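Have a look at the structure below, then the notes.
In listed order, ligands and their atoms are each counted from 1. Fair warning: this is a prediction, and the values are worked out from it, not measured in the lab.
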Amino acid sequence: MSELIISISGMRGIIGENLFPSTASEYGCAFGSYLKKHKPDTEKLKVCIGRDSRPSGNMLFSALAAGLCAAGADVVDLGLVTTPCVGIMVRHLGCDGAAVITASHNPIEYNGIKLLLDNGMAPPKTQAEVIRQMYLDKVFGYVGSIECGRICSDDSADDVHIEKVLAVVDAGLIASRKYKVVLDSVNGAGGRIGVKLLERLGCEVIGMNIEQTGIFAHTPEPTKDNLGGLCEQVAEAGADAGFAQDPDADRLAIVDEKGTYIGEEYTLALSAFNVLEGDKSGAAANLSTSRMIDDVAARFGCKVIRTPVGEANVADAMMKNGSIIGGEGNGGVIDTRVGPVRDSLVAMALVLELMAKKRKTVRDLARQIGGYEMIKTKAPADKTQAAEIINRAREEFPDAEVDESDGCRLDFDDGWLHIRTSNTEPVMRVIAEASSPRRAKEYIETVERIQKQVISG
Ligand code: MG
């Protein structure tokens with residue numbers, strides 16, 4: 001039986017196996033107690049909760065809300081909404097915190113709870129660790145009858161979110177192009193709001209898997225192998241673009257007008273292309289993100305700050321630097337004008353606006369900024385072995401520029417290598433990108449050779 005994972009980004013487990021109503025209610029109580037301790041002047045705490053479309057979402061909502069109420073926090077039920085909606089609503093409603101019930105791109109048997117603070121961002125590492133410890137030590141500040149929290153609902157999240165997205169693009173310009181778009185929401189949380197937004201942008205929308213049943217129509221991660229149906233549909237319909245969301249709609253992958261999957265890395269690069277042309281505040285991206293964003297930034301005379309992997313790290317760097325655009329190479333675009341969270345909705349709008357401004361197709365725009373080969377691999381290695389592998393890799397490439405803020409990233413003239421360990425399993429992830437497929441393969445093979453030597457002792 002697998003174990004419930006409680007990390008700094010929240011809790012994730014398998015329903016009926018290690019994730020139960022009692023787990024969620026205690027987690028809610030720990031979060032409520034934490035907020036109470038850190039906001040002693042708040043008369044009545046308010047926490048909003050949203051959930052993706054998984055069938056277990058209702059059960060977890062009830063349990064989580066009960067735990068929060070027991071700790072004295074009022075709960076606002078946002079209903080079945082996307083993860084970015086929750087990040088926006090926590091600020092919009094002036095809540096003291098928020099929770100999202102989702103297991104993101106994981107299969108249906110999973111679910112999870114992500115926590116957000118009043119700024120819409122995940123708690124920083126040290127605070128996340130305090131909440132985790134309060135949950136494990138069962139430090140619950142139960143209140144008496146009169147102070148118990150109450151639950152109310154708010155169904156305005158989609159509209160609030162859509163208005164925020166429409167405010168950052170020229171909707172009239174996009175609408176004048178009358179784009180035909182296929183949207184695959186994998187029956188997750190993004191279908192309803194995705195269709196609504198695209199219609200507001202004047203698109204003809206062909207919806208695929210937009211019913212929010214939580215019964216995923218294909219393996220939910222929006223990667224190439226899982227989006228054959230979308231590619232076919234785009235080609236068949238003669239659409240201008242295909243968009244694929246993950247179940248909680250914080251990631252977006254793009255299919256070009258020929259029905260070719262262009263990959264998630266392009267989502268951030270194209271969005272940044274649009275924003276940075278008119279804004280010089282620069283961008284932020286994690287260390288595993290393609291160099292395309294650096295090329296785009298350089299084109300407009302600005303820079304990209306690199307951060308450790310994790311949405312909160314990127315959002316934090318963006319806030320400190322005053323950047324509008326940033327995100328992660330897995331299709332997670334953050335536009336701080338909309339919210340400090342990865343958001344497939346704003347990504348769709350920015351890509352469509354770029355197409356409209358430039359009068360170019362997705363394929364032409366991708367060609368204009370692309371041209372790298374990226375390879376991602378995973379190999380067994382515990383923390384000690386990984387440290388040794390990184391040391392030897394650094395010796396192998398003495399001229400590389402080194403960044404050790406998250407594992408080790410080695411930058412070369414023609415590409416880069418990023419080696420990092422996992423917090424949840426004894427594996428090492430290796431990503432290489434280079435201007436030719438041959439070079440990318442060579443970088444990966446070098447690490448594989450070292451890994452074999454280290455593992456075999
Ligand atoms: Mg997600």
Side-chain angles (χ1 to χ4, degrees), residues 5 7-13 19 49-54 56-57 60 78 80-90 98-116 120-122 157-158 161 183-194 197 209-210 212 214-227 230 243-254 263-265 267-268 271 285-286 288-289 309-315 326-335 338-348 376 422-424:
I5 296 166
S7 70
I8 60 158
S9 48
M11 160 182 286
R12 196 180 71 219
L19 183 49
I49 305 177
R51 59 187 159 83
D52 76 13
S53 59
R54 281 163 216 268
S56 55
L60 285 181
L78 300 175
L80 199 171
V81 295
T82 68
T83 290
C85 268
V86 182
I88 289 163
M89 290 305 281
V90 62
V100 197
I101 298 169
T102 178
S104 192
H105 58 276
N106 289 282
I108 190 171
E109 52 270 31
Y110 287 85
N111 211 334
I113 302 169
K114 289 209 287 197
L115 303 177
L116 303 176
M121 287 159 63
D158 281 7
H161 189 174
L183 175 68
D184 180 352
S185 304
V186 70
N187 297 332
R192 183 187 63 218
I193 188 173
L197 173 71
N209 314 316
I210 50 169
Q212 304 182 110
I215 310 296
F216 303 137
H218 53 75
T219 309
E221 192 162 25
T223 48
K224 189 177 184 182
D225 292 346
N226 304 330
L227 296 176
L230 174 63
F243 290 134
Q245 297 167 305
D246 76 330
D248 65 327
D250 60 352
R251 285 167 64 180
L252 182 78
I254 303 174
E264 292 179 289
E265 292 289 336
T267 312
L268 178 57
S271 302
N286 75 28
S288 287
T289 301
V309 173
E311 177 180 30
N313 296 319
V314 183
E328 304 196 283
N330 60 3
V333 172
I334 302 172
D335 183 319
V338 176
V341 271
R342 293 178 306 198
D343 181 358
S344 65
L345 286 306
V346 78
M348 288 194 269
K376 300 182 184 191
S422 161
N423 282 325
T424 50

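The Mg ion (ligand 1) is closest to atom OD1 of Asp248 (considering only N, O or S atoms).
The Mg ion (ligand 1) is the vertex of the angle joining OD2 of Asp246 and OD1 of Asp250, which measures 100° to the nearest 10°.
Checking side-chain atoms of Thr102 against main-chain N and O of Ser104 turns up a donor-acceptor pair under 3.5 Å.
One finds a salt bridge joining Arg251 and Glu221 here, because a Lys/Arg side-chain nitrogen approaches an Asp/Glu carboxylate oxygen to under 4.0 Å.
Residue contact annotation: Thr83 places no N/O/S atom under 2.8 Å from the Mg ion (ligand 1).
At a cut-off of 3.5 Å, with distance as the only test, a side-chain donor of His218 or Asp184 sits close to an acceptor on the other residue. For Ser344 and Gln245, the side-chain atoms include at least one donor-acceptor pair closer than 3.5 Å.
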